[in-house]
J.: 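Please find one structure pasted underneath; my questions will follow.
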Amino acid sequence: MKKVVLMLVAVLVCTTMSAQLVTGTTYTKAKKEKSSALWLDMGVGSMKDVDGIGVDLGLRWNTQIMDYLSWDVFKIKAQANTDFISESLTAQALTGLRAQTPVLFGNATAFAALGLGYGYCFDVEAGGLDWDLSVGINITPRIMLGVGYNDQAIKIDGYTGHFKYTSFRVGFNF
């Protein structure tokens, strides 16, 4: 009888010990669902070799690939210089990748994004390769602040010129 009671006590102790084990097979981490979002991005800055203030406004749709990596499926934006808007208006269509860090403080995360696509300047009726680099901080999951650099190649009669635009950017998630 002592052996049976001792065996029951041993089984009870072993089962309660495994309930305290966090790294064992009984612990299951809840999976995050992949998310998609539509963002409105605005920027104000300067264009190299051009007087005036550069502005840009765009929409982008972003979908999560992994925990800290997402794909900017499309980014459509207009970019111009305020001194001569009609001559410098450029439409751009890009796609790219966006990486972010784990949470730094509160809900804030740092990010870096690289986009590649095509841009078209309406005044000269020419376009070319466009690339965009941004770094910044997601203050909340719905608001982002950052700085960006955009290089738009325009090919006219065999000559390739570049619109180089550096800006401060703000983005809002819908």
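Atoms considered below: every heavy atom in the structure, side chains included; atoms not considered: hydrogens, waters and symmetry mates.
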J.: Under a 4.5 Å cut-off applied to non-hydrogen side-chain atoms, are Leu69 and Asp67 in contact?
T.: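 No, their side chains stay 4.5 Å or more apart.
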J.: With distance as the sole test, does Thr82 use its side chain to make a donor-acceptor pair with the main-chain N or O of Ile53 at under 3.5 Å?
T.: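 Answer holds: yes.
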J.: Treat each ILVMFWY residue as a node, draw an edge where side-chain heavy atoms are under 4.5 Å apart, and state whether Tyr165 and Phe84 are in one component.
T.: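 Yes; tracing contacts between hydrophobic side chains, which count when under 4.5 Å, links both residues.
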J.: Counting heavy atoms not belonging to Phe174, are there more than 12 under 6.0 Å from its CZ?
T.: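 Count over threshold, so yes.
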J.: Compare every heavy atom of Leu97 with every heavy atom of Ile65, then report the nearest pair and how far apart it is.
T.: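 Of all heavy-atom pairs spanning Ile65 and Leu97, the closest is CD1-CD2, 4.0 Å.
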J.: Does the side-chain contact (heavy atoms from CB on, under 4.5 Å) test come out yes or no for Asn150 and Gln79, once each step is laid out?
T.: CA-CA 10 Å; Asn150 183 282; Gln79 179 176 300; 3.6 Å; yes
J.: Grouping I, L, V, M, F, W and Y whenever their side-chain heavy atoms are under 4.5 Å apart, do Val55 and Leu40 come out in a common cluster?
T.: no
J.: Where do Lys48 and Asp151 land on the salt bridge (charged side-chain N to carboxylate O under 4.0 Å, His left out) test, with the steps shown first?
T.: CA-CA 10 Å; Lys48 186 178 180 184; Asp151 189 324; over 6 Å; no
J.: Could you state the interatomic distance from CG (Leu145) to OG (Ser134), rounded to the nearest 0.5 Å?
T.: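 OG of Ser134 is found 12.0 Å from CG of Leu145.
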J.: To check you understand the geometry: which heavy-atom pair defines the closest contact between Ala112 and Val135, and what is its length?
T.: CB-CG1, 4.0 Å
J.: I need the Leu129 CG to Ile154 CD1 distance, nearest 0.5 Å.
T.: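 With rounding to 0.5 Å, CG (Leu129) is 10.5 Å from CD1 (Ile154).
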J.: Decide whether Asp132 and Gln92 meet the rule of one side-chain donor and one side-chain acceptor closer than 3.5 Å.
T.: no
J.: Whether the side chain of Thr160 engages the backbone of Lys155 through a donor-acceptor N/O pair (distance < 3.5 Å, no angle test) should be reported.
T.: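 Checked: no pair found.
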J.: Regarding Thr140 and Arg142, do their side chains bring together a donor and an acceptor under 3.5 Å, going by distance alone?
T.: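 Side-chain D/A pair, Thr140 to Arg142: absent.
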J.: Would Lys77 and Asp41 pass as an ion pair if we require N to O under 4.0 Å?
T.: no
J.: Verify the cluster assignment for Met144 and Leu59: are they in a single hydrophobic cluster under the rule of side-chain heavy atoms below 4.5 Å apart?
T.: no
J.: Okay, side chain of Ser70, backbone of Tyr68: is any donor-acceptor separation there less than 3.5 Å?
T.: no
J.: What is the distance from atom OH of Tyr149 to atom OG1 of Thr166, rounded to the nearest 0.5 Å?
T.: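 If I round to the nearest 0.5 Å, the distance is 6.0 Å.
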J.: Between Asn107 (side chain) and Ile139 (backbone), is there a donor-acceptor pair under 3.5 Å?
T.: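 Pair absent, no side-chain N/O of Asn107 close to backbone of Ile139.
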J.: Taking atom CH2 as the centre, does Trp131 end up with more than 12 heavy-atom neighbours from other residues, nucleotides or ligands that are less than 6.0 angstrom away?
T.: yes
J.: From Ser35 OG over to Asn62 CG, what is the distance, rounded to the nearest 0.5 angstrom?
T.: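 Going from the OG atom of Ser35 to the CG atom of Asn62 covers 7.5 Å.
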J.: Side-chain contact, heavy-atom cut-off 4.5 Å: Arg98 with Gln64?
T.: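 Of all side-chain heavy-atom pairs linking Gln64 with Arg98, none is under 4.5 Å.
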J.: Checking Thr63 side chain against Val73 main chain: does a donor-acceptor pair fall under 3.5 Å?
T.: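 Absent.
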J.: Evaluate the criterion ring-ring contact (aromatic ring centres under 6.0 Å, His included) for residue pair Tyr120 and Phe122; output intermediate values, then yes/no.
T.: CA-CA 6 Å; Tyr120 184 81; Phe122 294 103; 5.5 Å; yes
J.: So with a 6.0 Å cut-off around CH2 of Trp61, is the heavy-atom count from everything else above 12?
T.: no
J.: Would you call Asp130-Lys75 a salt bridge at under 4.0 Å N-O?
T.: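 No, no charged N to carboxylate O under 4.0 Å.
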J.: Is any side-chain heavy atom of Asp123 closer than 4.5 Å to a side-chain heavy atom of Leu89?
T.: no
J.: If you group Ile, Leu, Val, Met, Phe, Trp and Tyr by side-chain heavy-atom gaps below 4.5 Å, do Phe163 and Val124 land in one group?
T.: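 Per the 4.5 Å side-chain linkage, Phe163 and Val124 are co-clustered.
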J.: To the nearest 0.5 Å, how far apart are CZ in Phe111 and CD in Gln100?
T.: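 Rounded to the nearest 0.5 Å, the CZ-CD separation comes out at 9.5 Å.
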J.: Any chance you could measure Leu94, atom CG, to Tyr118, atom OH, to the nearest 0.5 Å?
T.: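 Reported value, rounded in 0.5 Å steps: 12.5 Å.
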J.: Mind listing the closest non-hydrogen atom pair of Pro141 and Asn173 along with its distance?
T.: O-ND2, 3.4 Å
J.: Should Thr90 and Cys121 be marked as a side-chain contact (heavy atoms from CB on, under 4.5 Å) after you check the CA-CA gap, both sets of side-chain angles, and the distance that decides it?
T.: CA-CA 4 Å; Thr90 305; Cys121 183; 4.1 Å; yes
J.: For Asp72 versus Thr95, what's the shortest heavy-atom pair and its separation?
T.: O-OG1, 2.9 Å
J.: In terms of hydrophobic clusters joined by side-chain contacts under 4.5 Å, are Val170 and Leu57 together?
T.: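 Yes.
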J.: Kindly give the heavy-atom pair with the smallest separation between Ile143 and Phe172, and that separation in Å.
T.: CG1-CD2, 4.2 Å
